[in-house]
Amino acid sequence: MSRAADRLKVVLNHLDRSHDAVRASFTSAQNVSYHHHPQSLQYTFDTDVLTQEQIIAYEENGFILIRNLVSEEDIDRFKNEFERICKREVKVPGLTVMKDVSIAKSEFVEGEKAVTKLQDYQEDPELFRYCVLPQILKYVECFTGPNIMAMHTMLINKPPDTGKKTSRHPMHQDLHYFPFRPADRIVCSWTAMEKVHRENGCLVVLPGSHRGSLQEHDYPEWEGGVNKMYHGVRNYDPNHPRVHLEMEKGDTVFFHPLLIHGSGMNQTNGFRKAISCHYASGDCYYIDVNGTTQENISNEVKDLASRKFGADDSVTFADTWAIRGRLVQGDRISM
Ligand SMILES: CCCCCCCCCC(=O)SCCNC(=O)CCNC(=O)[C@H](O)C(C)(C)COP(=O)(O)OP(=O)(O)OC[C@H]1O[C@@H](n2cnc3c(N)ncnc32)[C@H](O)[C@@H]1OP(=O)(O)O
Ligand SMILES: Nc1ncnc2c1ncn2[C@@H]1O[C@H](COP(=O)(O)OP(=O)(O)OP(=O)(O)O)[C@@H](O)[C@H]1O
Ligand SMILES: O=C(O)CCC(=O)C(=O)O
Ligand SMILES: [Fe+2]
Ligand SMILES: [Mg+2]
């Protein structure tokens, strides 16, 4: 028996004891020869990058946290570029600079303190370096396989809450925003650009929720207002067990697009920064979301595309993603 097959057997054995869903695939795996590498892990590829514990953790929980993955030097460069963008020293094609709704609708704030999020930085070579860092792609490949597209890029600058709790990000599944599949070949990489903890609104996740299906999303009914497109899962149960991901600068979490997650309000005076990219396999395919729960976000995004870029009715939700996607490894097959 090969070493890889050995590892797989241990992993599957463990998962077998914990989950019915994976038990089914293990049963079928027992019928195939271990000389061949059985395709029995649902969410990961065993490429010798992940440890047995990490494979088990991702299969079971839908995320893994890798400490100290991005260097201080790289993060300082991203921070510096973020500042240059906020000071309007650089102009990036396609970039959306988003302000917190409570700031946008009240007093005039300029520069970096006004910005809650940069969306779509793929045309900024300095920030886009994040998406091609070899140590990130090495992990991404474990979830997407060898053909990798960077589909969605963000730098989040969660502001100190103004008192309206608008700095929160409601609990959601990122797949709600994506008209491509399969979900298991999509992964988010999210790197803390400084220490993130409960006080400044770290990520909050519901472990194992990636094994459920895509839920209905809508704007939560929050008194103080909700940021544009910050949809939340509709029947969120605040009593569901959750995990706060406290991270140091450079720590990186990889998570599945069905994992329910959000972030709490920033109760500090500092701006909590993180940089992220959603990757998908170059072999993924686009779907039509008309008539599905994703129709509401699809309409909002198309609306924005027409206002911002003058896109006409012929531009589909899928088109808005195909335009933003960038190949970062292997081949762009069907994306
Ligand atoms: C694009 C697909 C995203 C895919 C995400 C994948 C998973 C990630 C999950 C998420 O992150 S979901 C959140 C994603 N959010 C966005 O993509 C929002 C992107 N930002 C924007 O679209 C613009 O920043 C926005 C339309 C909100 C503001 O654009 P402008 O810079 O043109 O704002 P402007 O100052 O001209 O204000 C226009 C109107 O928008 C209002 N506004 C500004 N910022 C807002 C805000 N943050 N929330 C709500 N409304 C806002 C503003 O008050 C004003 O309202 P009124 O017309 O009633 O006066
Ligand atoms: N009604 C709701 N619908 C969807 N998401 C919600 C709702 N209420 C809270 N959340 C989200 O749940 C997560 C945790 O919220 P909260 O701000 O209470 O976190 P916290 O500050 O980390 O927790 P605590 O206050 O207990 O320390 C955040 O992502 C928040 O946006
Ligand atoms: O950085 C955060 O607070 C969470 C952002 C997030 O989940 C998202 O934009 O999809
Ligand atoms: Fe998210
Ligand atoms: Mg709270």
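Numbering of ligands and ligand atoms starts at 1, following listing order.
In the hydrophobic clustering of ILVMFWY residues, with side-chain heavy atoms under 4.5 Å counting as a link, I333 and I148 come out apart.
With the Fe ion (ligand 4) at the apex, D174 OD1 and H261 NE2 define an angle of roughly 100° (rounded to 10 degrees).
Residue contact check for ligand 3: W190 places a non-hydrogen atom closer than 4.0 Å to it.
None of the N, O or S atoms belonging to H169 lies under 2.8 Å away from the Fe ion (ligand 4).
Electrostatic pairing of D161 and K165 does not count as a salt bridge here, judged by no charged N lying under 4.0 Å from a carboxylate O.
Only the side chain of S263 comes within 4.0 Å of ligand 3, judged by heavy-atom distances.
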**Message:** Please evaluate residues T153 and Y130 with respect to the criterion side-chain hydrogen bond (donor to acceptor under 3.5 Å, both in side chains), reporting the C-alpha separation (whole Å), side-chain torsions for both, the decisive distance (0.1 Å), and the verdict.
**Reply:** CA-CA 9 Å; T153 56; Y130 171 75; over 6 Å; no
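Side chains of V233 and H176 form no contact here, defined as non-hydrogen atoms less than 4.5 Å apart. Residues T292 and I287 fail the side-chain proximity criterion, which asks for heavy atoms closer than 4.5 Å. No side-chain heavy atom of C188 sits less than 4.5 Å from a side-chain heavy atom of F254. Looking at M193 and N157, their side chains never come closer than 4.5 Å, going by heavy atoms from C-beta outward.
Taking every non-hydrogen atom of H172 and a distance limit under 4.0 Å, the qualifying atoms of ligand 3 come out as 6 (C), 7 (O), 8 (C), 10 (O). Which parts of ligand 3 touch K117 is read off a 4.0 Å heavy-atom cut-off, strictly below it: atoms 9 (O). Those atoms of ligand 3 that come under 4.0 Å of a heavy atom in I156, given as number and element, are 1 (O).
The heavy atom nearest to atom 4 (C) of ligand 3, out of those in L203, N157, N266, is found in L203. Distances from atom 1 (O) of ligand 3 to the heavy atoms of K158, H169, R272 show the closest one on R272.
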